[in-house]
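The figures here come from the full heavy-atom set of this structure, side chains too, leaving out hydrogens, waters and symmetry mates. Whatever order the structure lists ligands and atoms in, that order sets their numbers, starting from 1. All residue numbers in this chain count up from 1 along the given sequence.
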Amino acid sequence: MSDASSKASPSRNERLAWAENLRREFTANVSHEMKTPLQVISGYAELMANGLVPPDDMRKFAGLIYEEAQAMRALINDVLVLSHLDETAPGAETRNPVNLASVAERVVHRLEAPAREAQVVVELSADPVEVLGNETLLEQMIYNLVENAVRYNEEGGTVRVSVRAERPQADQCERGTLGKGCGDTEEESPGEAVIRVADTGPGIPVAAQEKIFERFYRLDKSRSKETGGTGLGLAIVKHAALYHNGEVSLESEEGRGTTFTVRLPLA
Ligand SMILES: Nc1ncnc2c1ncn2[C@@H]1O[C@H](COP(=O)(O)OP(=O)(O)OP(=O)(O)O)[C@@H](O)[C@H]1O
Ligand SMILES: [Mg+2]
C-alpha cells in the first residue's frame, strides 16, 4: 500500500482549517503585492505635487506611475478572477459553446506588441475546436500561457500555439481524468480539445514543475519583478482548466523550452 493511501483522510475540521489557512495566506500575499506599486505611485506623485521633479523629468515620472498603476490593475484583475473561481460551485454557471481557435487567434493578436518587443515570434495553428464553457475564462487561460511563453523566452525565440481535437490518451482514460471521450471506438469518442503552447525559453526545473501552479509562486523572483509578474497566471490556468473539467500539464527540459498542454472535453 502506498503512503498516501495508508494515511487516514483528513477530517472535515482539518479540511476547513487548511482552506482557512490558504485563504489567510492569499490575503496576506495580495496585500503585500499591492503595497509595493502603491508606495511607488504615492512616492512619485508626492514628489511631483511638491514641485520636486524638474520639468524635463515630468514625463518620465508620469510614465513610471502609469507602469505601476498598470501592474496593480493586472494584479487586481487576477485576484478577482481567482476569487470568482473559488466561489463558483461546479456546474453553477451556464456554459456556452466556445470556438477555441477564435479565442487563440484573439490572444495571439493581443500579444503581438509584447512579442515584437521581446523579439519572439508567435506561430498559431488552430483547428475550429469547440468546448462548452466560459469564453472570458478560456481567453484568460490561453492568454496567461502565451504571455508566459513570450515573457520567459529568449530574444529570437519562438512560441508555437496549437489548438486541435484529439483522441484522449489511454492513460488518461484509465486514470479517469477525462471521463468523456474515452469510448472504445472512433464513433463513441467525441475526443478532447487540446491546446499546446510550446516555447524555446530556458525551461522549468523538474523540482519546480508542480510549484509553479501555486498562487504567487515565481521561479526567479528578480526576473519576474523586472517583467512585472506576480505569480498568479498559472494558478488561473489550472483553475480554469479544472472549471472546464479538464487538466493542464507541462513538459520541460532545462535550456530547451517548455510545452504546456491543456486538455478539455469537447462540446
Ligand atoms: N513558459 C515558461 N518558461 C519558463 N518559466 C515559466 C514559464 N511559464 C511560467 N514560468 C515560471 O513560472 C512562474 C509562475 O508563472 P505565473 O504565470 O503563474 O506567474 P508570473 O508570470 O510570474 O506572473 P503573472 O502571470 O501573475 O503576471 C513564473 O514566474 C516563471 O518563473
Ligand atoms: Mg504569467
**Student:** Any N or O of Arg218 that comes nearer than 3.5 Å to an N or O of ligand 1?
**Tutor:**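 No: no nitrogen or oxygen of Arg218 is under 3.5 Å from one in ligand 1.
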**Student:** Nearest heavy atom to atom 24 (P) of ligand 1 wins, so pick from Asn77, Val150, Thr230.
**Tutor:**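 That would be Thr230.
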**Student:** With respect to Leu232, determine whether any N or O atom, backbone or side chain, lies less than 3.5 Å from an N or O atom of ligand 1.
**Tutor:**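 Yes, there is a polar N/O contact under 3.5 Å.
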**Student:** Would one find more than 12 heavy atoms of other residues, nucleotides or ligands at under 6.0 Å from atom CZ of Arg160?
**Tutor:**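 No, because the 6.0 Å sphere around CZ of Arg160 holds 12 heavy atoms or fewer from other groups.
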**Student:** For ligand 1, is Gly201 a contact, meaning one of its heavy atoms is under 4.0 Å away?
**Tutor:**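 Outside the 4.0 Å threshold, so no.
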**Student:** Taking atom 6 (C) of ligand 1 as the point of reference, which of Asn144, Ile204, Ile236, Leu250 owns the nearest heavy atom?
**Tutor:**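 It is Ile204 whose heavy atom sits nearest to atom 6 (C) of ligand 1.
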**Student:** Between the candidates Leu234, Val79, Val237, which shows the shortest non-hydrogen contact distance to atom 16 (P) of ligand 1?
**Tutor:**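 Result: the heavy atom closest to atom 16 (P) of ligand 1 is in Leu234.
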**Student:** Do Arg164 and Ser125 have a side chain donor and acceptor closer than 3.5 Å?
**Tutor:**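 Their side chains do contain a donor-acceptor pair, which is all the 3.5 Å distance test asks for.
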**Student:** So with a 6.0 Å cut-off around CZ of Arg23, is the heavy-atom count from everything else above 12?
**Tutor:**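 Check fails, neighbour count at 12 or below.
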**Student:** Under 4.5 Å between any side-chain heavy atoms of Asn153 and Asn148, yes or no?
**Tutor:**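 Asn153 vs Asn148: side chains apart.
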**Student:** Can you sort out the partners of Glu214 under side-chain contact (heavy atoms from CB on, under 4.5 Å), two or more places apart, ordered by chain and number?
**Tutor:**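 So Glu214 forms a side-chain contact (heavy atoms from CB on, under 4.5 Å) with Lys211, Tyr217.
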**Student:** Looking at Arg151, which atoms of ligand 1 are within less than 4.0 Å of one of its heavy atoms?
**Tutor:**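 Every atom of ligand 1 under 4.0 Å from some heavy atom of Arg151: 20 (P), 21 (O), 23 (O), 24 (P), 27 (O).
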**Student:** N/O of Leu219 under 3.5 Å from N/O of ligand 1, yes or no?
**Tutor:**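 Yes, there is a polar N/O contact under 3.5 Å.
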**Student:** Mind checking whether the Mg ion (ligand 2) has an N, O or S of Asn144 under 2.8 Å?
**Tutor:**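 No - counting backbone and side chain alike, Asn144 has no N, O or S atom under 2.8 Å.
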**Student:** Which option out of Thr258, Asp199, Ile212 puts a heavy atom nearest to atom 1 (N) of ligand 1?
**Tutor:**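 Minimum heavy-atom distance to atom 1 (N) of ligand 1 goes to Asp199.
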**Student:** Show me which atoms of ligand 1 lie under 4.0 Å from any heavy atom of Asp78.
**Tutor:**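 Close to Asp78: 26 (O).
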**Student:** Is any side-chain N of the basic residue among Glu33 and Arg215 closer than 4.0 Å to the acidic one's carboxylate O?
**Tutor:**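 Here Glu33 does not pair with Arg215 in a salt bridge, since their nearest N and O are not under 4.0 Å apart.
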**Student:** If we ignore hydrogens and angles and just use 3.5 Å, is the side chain of Ser252 paired with the main-chain N or O of Gly257 as donor and acceptor?
**Tutor:**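 Yes, because the side chain of Ser252 sits within donor-acceptor range (under 3.5 Å) of the backbone of Gly257.
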**Student:** May I ask you to check whether Gly233 has an N/O atom sitting below 3.5 Å from an N/O atom of ligand 1?
**Tutor:**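 It does: an N or O of Gly233 is found under 3.5 Å from an N or O of ligand 1.
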**Student:** Less than 4.5 Å apart, side chain to side chain, heavy atoms only: is that true for His84 and Leu137?
**Tutor:**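 Contact flag for His84/Leu137 side chains = no.
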**Student:** Which ligand 1 atoms are under 4.0 Å away from a heavy-atom of Gly231?
**Tutor:**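 By the 4.0 Å cutoff, the relevant atoms are 18 (O), 19 (O), 20 (P), 22 (O), 23 (O), 24 (P), 26 (O).
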**Student:** What atoms in ligand 1 come closer than 4.0 Å to a heavy atom of Tyr217?
**Tutor:**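 Those of ligand 1 that fall under 4.0 Å from Tyr217 are 13 (C), 14 (C).
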**Student:** Using side-chain contact (heavy atoms from CB on, under 4.5 Å) as the criterion, list what pairs up with Glu68, not counting sequence neighbours.
**Tutor:**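 Glu68 satisfies side-chain contact (heavy atoms from CB on, under 4.5 Å) with Pro37, Val40, Ile41 only.
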